[in-house]
There are 2 protein chains.
Amino acid sequence: MVLEEFLPYRLNVLAGLTSSALAQIYAERYGLSIPAWRVIVTLGQYECRTARDMAPDGVMHKSTVSRAVAALEKRGLVKRRPNLDDRREEWLALTPQGRAIYEAVAPEALAVGERLLSVLTSQEQKTLSALIDKLTQQARLLAPQDAEGDEA
Amino acid sequence: MVLEEFLPYRLNVLAGLTSSALAQIYAERYGLSIPAWRVIVTLGQYECRTARDMAPDGVMHKSTVSRAVAALEKRGLVKRRPNLDDRREEWLALTPQGRAIYEAVAPEALAVGERLLSVLTSQEQKTLSALIDKLTQQARLLAPQDAEGDEA
DNA sequence: CCCCATTCGTTGCCTCTGCAACCAATAGCA
DNA sequence: TGCTATTGGTTGCAGAGGCAACGAATGGGG
């Protein structure tokens with residue numbers, strides 16, 4: 001077998017490289033880990049969520065989310081509020097400072113995504129999106145229950 | 001921004017899922033880590049390499065390779081032989097036991113790859129391959145020098 | 001109403017791995 | 001030949017994250 005031609009290998013190389021490119025922004029410039037970055041973005045778009053909703057498809061382990069949220073709370077970027085209807089879970093929301101970071105970092109991240117995609121025609125981008133969806137769906141069937149490997 | 005539509009995120013999810021699917025084979029069944037698996041495969045195809053050649057494009061950090069090789073040597077799957085022409089580096093090769101594992105695991109891994117790709121037409125597979133190449137090339141430009149995040 | 005199963009979230013433990021410092025060997029150059 | 005720069009590889013250290021066990025809260029029978 002030729003590793004360099006093996007799809008899972010190539011996907012991992014590509015994913016790793018894009019993660020590195022992104023990390024230059026959210027890690028080096030804002031001190032965010034990948035999980036923290038994902039929490040910020042999710043709360044940025046949904047306003048108010050629980051920790052469980054943060055990993056809807058098992059993309060992040062719940063302990064990973066827990067620690068990311070704890071770190072963000074410590075930095076004053078995220079605020080917790082108990083859910084009185086179900087005191088097992090807590091509502092999460094960005095603080096003004098957290099939102100400020102989101103507002104700053106999201107456009108930069110999107111720009112990186114755009115620069116990545118800029119080598120593809122808009123037709124190719126559509127195609128890629130569809131292919132990724134198909135493969136993801138299939139990979140979900142082949143992977144154990146819900147697991148993932150994570151990273152960026 | 002919508003995380004679920006963000007290309008780097010989707011690539012990471014997909015790569016993570018495929019890694020999990022593969023790990024079922026090489027990790028659970030053969031006790032190989034991702035780096036160890038890559039070393040085995042590389043030596044399986046090239047017969048004899050140095051540790052440095054194992055990470056040609058900076059996909060794995062050299063310390064990662066070093067530890068993977070050390071572990072494989074300890075298990076008697078890889079053998080080192082000093083390069084007398086340049087005693088900084090060492091030639092690596094699979095032992096018979098190492099090759100046996102390679103012969104066993106490679107077809108299974110390829111089968112997983114096939115099953116992943118089975119949801120795409122052969123035309124789509126070609127297209128995907130080309131798109132991945134384009135994106136990887138571009139990502140290499142955007143990522144810092146040579147870094148990566150690794151995994152599977 | 002009680003008991004068991006389930007769910008949300010946290011934490012201890014352990015492994016993995018990136019980074020940087022380091023050693024040994026080599027190469028380049030005067 | 002000597003002196004410095006570079007390269008292959010290893011290792012100490014620290015951070016990150018998966019796993020599994022746990023505690024707290026809830027839900028679903030009987």
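Every chain is numbered from 1 and lettered A, B, ... according to where its sequence line falls, protein lines coming before strand lines. What you see is a predicted model; the values in this text were computed from it and never measured. All values below come from the heavy atoms of this structure, side chains included, with hydrogens, waters and symmetry mates left out.
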Engineer: So, does Thr64(A) get its side chain near the phosphate of dG18(D), meaning an N or O under 4.0 Å from OP1 or OP2?
Structural biologist: yes

Engineer: Looking at Glu90(A) and Arg81(A), does any basic side-chain N land under 4.0 Å from a carboxylate oxygen?
Structural biologist: no

Engineer: How many Å lie between CD on Glu90(B) and P on dT26(C), as a whole number?
Structural biologist: 13 Å

Engineer: With DNA chain C as reference, determine whether Leu84(B) or Val65(A) sits nearer its 5' end, using the nearest nucleotide of each.
Structural biologist: Val65(A)

Engineer: Between Arg88(B) and dT26(C), is there a contact of a side-chain N or O with OP1 or OP2 at under 4.0 Å?
Structural biologist: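 So the side-chain polar atoms of Arg88(B) never come under 4.0 Å of the phosphate oxygens OP1 or OP2 of dT26(C).
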
Engineer: Quick one: do Glu124(A) and Lys134(B) make a salt bridge, cutoff under 4.0 Å?
Structural biologist: yes

Engineer: Closest approach to the side chain of Arg52(B), judged atom by atom: which nucleotide of dG9(C), dG8(D), dT11(C) is it?
Structural biologist: dG8(D)

Engineer: Quick one: does Arg67(A) reach the base of dG15(D) with a side-chain donor-acceptor pair under 3.5 Å?
Structural biologist: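 No, no donor-acceptor pair under 3.5 Å.
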
Engineer: What nucleotide, of dC8(C), dC19(C), dT17(C), holds the atom closest to the side chain of Pro35(B)?
Structural biologist: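 The listed nucleotide nearest to Pro35(B)'s side chain is dT17(C).
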
Engineer: Quick check on DNA chain D: between Glu89(B) and Asp86(A), whose nearest nucleotide comes earlier from the 5' end?
Structural biologist: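 Of the two residues, Glu89(B) wins.
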
Engineer: Let me know the distance between CG of Asn83(A) and C1' of dT26(D), rounded to the nearest Å.
Structural biologist: 12 Å

Engineer: Send over the distance from His61(A) NE2 to dT10(C) P, rounded to a whole Å.
Structural biologist: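 So the NE2-P distance, His61(A) to dT10(C), works out to 13 Å.
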
Engineer: Measure the distance from CZ on Arg38(A) to P on dA16(D) and round it to the nearest whole Å.
Structural biologist: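 Atom CZ in Arg38(A) sits about 15 Å away from atom P in dA16(D).
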
Engineer: Nearest 0.5 angstrom please: Lys79(B) NZ to Leu92(B) CG, how far?
Structural biologist: 11.0 Å

Engineer: Please report, rounded to the nearest Å, how far the C1' atom of dG18(C) is from the CG atom of Leu17(A).
Structural biologist: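 In whole Å, dG18(C) C1' lies 16 Å from Leu17(A) CG.
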
Engineer: Closest to the Arg80(A) side chain: dT10(C), dC8(C), dT10(D)?
Structural biologist: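 Per side-chain heavy atoms of Arg80(A), the pick is dT10(C).
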
Engineer: In whole Å, what is the span from the CD1 atom of Ile34(A) to the P atom of dG15(D)?
Structural biologist: 16 Å

Engineer: Could you give the NZ-to-P distance, from Lys62(B) to dT6(D), as a whole number of Å?
Structural biologist: 14 Å

Engineer: Quick one: do Glu73(B) and Arg80(B) make a salt bridge, cutoff under 4.0 Å?
Structural biologist: yes

Engineer: Take atom CE of Met54(B) and atom P of dT10(D), then tell me their distance rounded to the nearest Å.
Structural biologist: 11 Å

Engineer: What is the nucleic acid contact for Ser33(A), judged by heavy atoms within less than 4.0 Å: base, sugar-phosphate only, or nothing?
Structural biologist: nothing

Engineer: Could you check which of dT26(D), dT10(D), dG18(D) has an atom nearest any side-chain atom of Arg87(A)?
Structural biologist: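 Given the options dT26(D), dT10(D), dG18(D), the side chain of Arg87(A) is closest to dT26(D).
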
Engineer: Report the nucleotide, chosen from dG18(C), dG8(D), dG9(C), that has the shortest atom-to-atom distance to any side-chain atom of Ser63(B).
Structural biologist: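 Given the options dG18(C), dG8(D), dG9(C), the side chain of Ser63(B) is closest to dG18(C).
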
Engineer: Does a salt bridge link Glu108(B) with Arg29(B), judged by any charged N lying under 4.0 Å from a carboxylate O?
Structural biologist: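 A salt bridge is present here (some side-chain N lies under 4.0 Å from a carboxylate O).
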
